[in-house]
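One structure is given below, encoded as structure tokens.
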Amino acid sequence: MASLPWVAVNTTLHKLESDLRKLPPSSISLDKRSQARTPEKRQLESQPLDFGEALSILKEGNFIDSALYVPLLQECIDRKSLWGTKSFHAHVLKTGTHQDLFLSTFLVNVYAKCGAIAHARKLFESLPRRNIVTWTALMTGYVQNSQPEQAVEVFIQLLEAGVFPTNYTVGAMLNACCSLYYLKLGRQVHGYIIKYKIDSDTSVGNSLCSFYSKCGILDSAVKIFRNTPEKNVISWTTIISACSESGRAETGLSFFLGMLLEGMTPNEFTLTSVLSLCCQVQEFALGKQIQSLCVKFGWEAQLPVRNSIMYLYLKCGEIDKARSLFEGMGTASLITWNAMIAGHAQVMDLLKDDVSSHRSGIEALKIFQKLNQSDMKPDLFSYSSVLSVCSRLAALEQGELVHAQTIKSGFLADVVVGSALVNMYSKCGSIEKASKAFVEMTRRTMISWTSMITAYSQHGLSDDALQLFEDMRFTGVRPNEITFVGVLSACSQTGRIEEAKRYFKMMTKEYRIKPVMDHYACMVDMYVRLGLLEDAFDFIKGMPYEPNEVIWSMLIAGCRSHGKMELAFQAADILLELKPRSSETYFLLLNMYISAERWQDVSRIRRLMKQEKLGGLRDWSWVNIKEKVYYFGSDDRSHPQSTQMYELLESLLEKAKGMGYIPYEILQIPDDSVGEKAGNLIVHHSERLAIVFGLINTVEGTPVRVVKNIGMCRDCHSAVKFFSELTQREIIVRDSRRLHRFREGKCSCGDFGAFL
DNA sequence: CTAGGGTTAG
């Protein structure tokens with residue numbers, strides 16, 4: 001963006017002003033050529049066409065029927081076939097049809113759409129004649145090929161050439177401005193639009209509306225929309241998707257309602273936008289109603305519509321339905337593939353603690369692999385989704401392969417892909433590679449910074465996290481509420497009470513960010529770690545909203561660790577009034593009462609769990625070894641190497657005891673699938689088995705990475721610390737709450753990470 | 001001029 005000098009911009013606008021002055025007001029508004037397609041043109045398009053056949057005719061140097069020109073070019077766009085376009089171009093030159101301005105303009109457009117903007121430019125330069133549509137096509141081409149500065153440049157040139165801009169040209173200019181984030185320039189263009197009274201033109205209004213929304217000013221977009229006198233379907237679609245981009249899904253849905261009430265018929269664009277809104281706010285029932293609307297209006301066969309519906313099914317967890325839609329799709333686009341990968345990634349979140357969540361991730365990797373084998377190339381969306389899948393799976397090997405692929409394909413340069421990579425390495429336990437990826441980024445957004453700050457914080461490196469936060473502020477990037485979760489949790493890890501208070505104040509006063517539950521949770525966590533349990537209690541009581549389950553469990557777990565049982569019991573009573581929803585919370589209380597031998601309370605908890613219909617938890621862990629996944633449950637003996645595993649485990653535990661390991665009582669997690677078998681006490685939780693399996697089956701000295709579906713208990717946490725020292729191995733366990741990196745007898749979580 | 005897919009927390 002630096003290459004566009006302000007002088008040029010001002011010249012443009014100055015020139016624009018004088019040129020627009022010469023213009024009779026009526027001539028700007030419409031360019032007939034691009035209006036609704038003429039009947040004979042539509043007829044051309046419906047001609048049957050075999051793309052391959054047509055191309056081979058061209059290749060052999062033979063002529064093709066001119067009736068096939070338009071459909072062939074359209075096909076080149078759809079397939080992004082540069083080779084096809086070139087062949088066609090050659091054909092046009094040979095037949096002398098390049099004199100046809102319509103065809104030449106179309107070719108400029110096709111080259112641009114195939115990503116060959118340089119070719120488009122060359123053709124443009126060589127044309128003996130050009131009209132405003134040709135100019136506009138070139139501008140649009142630059143915008144679409146991420147060279148908005150060039151688009152502005154072309155705009156200057158066309159004005160200098162004495163050509164009159166149309167509404168389309170103004171639209172392309174506004175698009176260039178929003179890609180440049182040139183709010184100022186766009187506003188000036190808006191000024192001229194008003195001055196020359198073309199603001200009542202529907203398409204100009206639509207462009208402005210989309211411009212403001214893309215610059216993040218939804219209010220202005222809404223204003224423009226309301227002031228557009230003759231709203232068409234596009235106007236409504238624009239405002240609806242503007243709401244979607246600004247994350248204001250409810251507003252978007254109400255606009256949709258308004259549209260229907262005004263008797264406007266939605267088109268396929270509208271419906272796909274609305275479906276995406278439904279996904280955003282998880283209004284799946286509404287989404288299914290929209291699906292019926294798609295059928296009613298006859299849009300259900302459109303690929304984008306089918307993509308949206310498939311994505312909707314994934315988001316509400318109906319994977320089988322989504323999969324059958326996917327498999328039934330004759331032609332899938334890259335977006336179809338990406339939606340499948342991203343959808344599976346989100347299903348992982350949906351199924352959080354269940355082992356099927358993991359399977360969904362594996363499925364996503366498989367889909368990505370199939371995409372690689374297909375004739376389509378993954379793009380930045382595919383890469384960022386698949387990287388997030390790798391990070392959720394802690395699949396380092398696969399993640400590294402994807403990393404290599406992003407380097408090869410050049411997508412690593414994208415900020416989102418870069419941030420996803422930082423996150424992947426961090427979640428896979430390698431802070432070194434995460435920070436390397438961060439340092440190598442050429443551009444950073446707030447999310448990139450936040451990812452890295454959070455990464456340091458999760459790895460227990462609070463100095464680095466806080467330093468980076470200061471760097472971020474110094475760079476002038478505005479943190480959001482998630483950044484502060486990272487900052488505050490970094491403070492809490494190392495008990496920096498004063499700094500935590502300062503940052504909390506900074507968040508609310510300087511950045512006007514309303515603290516949410518997670519911020520309070522960080523503060524409570526800090527008091528608890530420091531053993532300041534009364535302070536924690538007071539802090540909780542002073543919160544502006546009702547503390548949730550997580551906050552109370554933290555306090556209770558802390559009281560347990562510090563032996564302040566009276567306070568723990570008091571807090572437990574309050575917690576139970578809240579009717580906790582998670583089984584984990586009940587197990588925390590249950591085990592606490594069992595070890596305190598408060599049998600009345602034990603039966604009270606059991607009764608409550610039955611009332612709430614909360615079943616057992618499954619304790620699962622898995623370990624990735626050479627792209628294969630091995631699952632383990634508590635006391636699992638199903639693996640052929642079991643004997644060897646248990647021998648190693650017992651010997652490690654014995655040696656640990658010699659070094660001072662004192663076992664806590666191991667948390668009992670009754671598993672529903674097994675039924676309540678009396679006297680079947682758990683001896684080993686799943687992560688221990690996964691760890692020893694990893695130790696046996698990986699090379700000496702390399703890290704072992706394990707993922708666990710629920711939180712680690714105190715006993716396992718303490719034992720694994722000794723394992724890391726005894727084996728001189730780095731052991732990484734990612735549980736449902738946080739990341740534990742055990743090295744030389746210490747854990748990155750600072751020892752207060754195990755709640756149960 | 002309008003659409004469908006992506007990254008950050010506990």
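Here is the naming used below: chain letters follow the sequence lines, and residue numbers restart at 1 for every chain. A quick note: this is a predicted structure, and the numbers were derived from the prediction, not measured.
- Not one side-chain nitrogen or oxygen of A/Gln458 sits closer than 4.0 Å to the OP1 or OP2 atom of B/dT8.
- Comparing B/dT2, B/dT8, B/dG5 against the side chain of A/Asn423 picks out B/dT8 as the nearest.
- Taking only side-chain nitrogens and oxygens, A/Lys214 never comes nearer than 4.0 Å to OP1 or OP2 of B/dC1.
- For A/Ile453 and B/dT8, the CD1 to P distance is 15 Å, given to the nearest whole Å.
- Partners of A/Arg392 according to the salt bridge (charged side-chain N to carboxylate O under 4.0 Å, His left out) rule, which considers only residues two or more places apart in sequence or in another chain, are A/Asp349.
- No salt bridge links A/Glu262 with A/Lys231; every basic N to acidic carboxylate O contact stays at or beyond 4.0 Å.
- In this structure, A/Met340 places its CE atom 15 Å from C1' of B/dG4, rounding to the nearest Å.
- For the 3.5 Å distance criterion, the side chains of A/Ser333 and A/Thr336 qualify, holding a donor opposite an acceptor.
- When distances are taken from the side chain of A/Ile482 to each of B/dA3, B/dC1, B/dA9, the shortest belongs to B/dA9.
- Side-chain proximity of A/Glu245 to B/dC1, B/dG5, B/dA3: nearest is B/dA3.
- Put simply, A/Phe381 does not rest on the base of B/dG6: the two rings are not both less than 5.5 Å apart at their centres and under 30° in tilt.
- Atom CE of A/Met517 and atom P of B/dG10 are 16 Å apart (whole Å).
- Summarising the geometry, the separation between CG on A/Asn548 and P on B/dG10 is reported as 15 Å, rounded to the nearest angstrom.
- Distances shown here put every side-chain N or O of A/Thr454 at or beyond 4.0 Å from the OP1 or OP2 atom of B/dT8.
- OP1 and OP2 of B/dG5 both lie 4.0 Å or more from every side-chain N or O belonging to A/Gln346.
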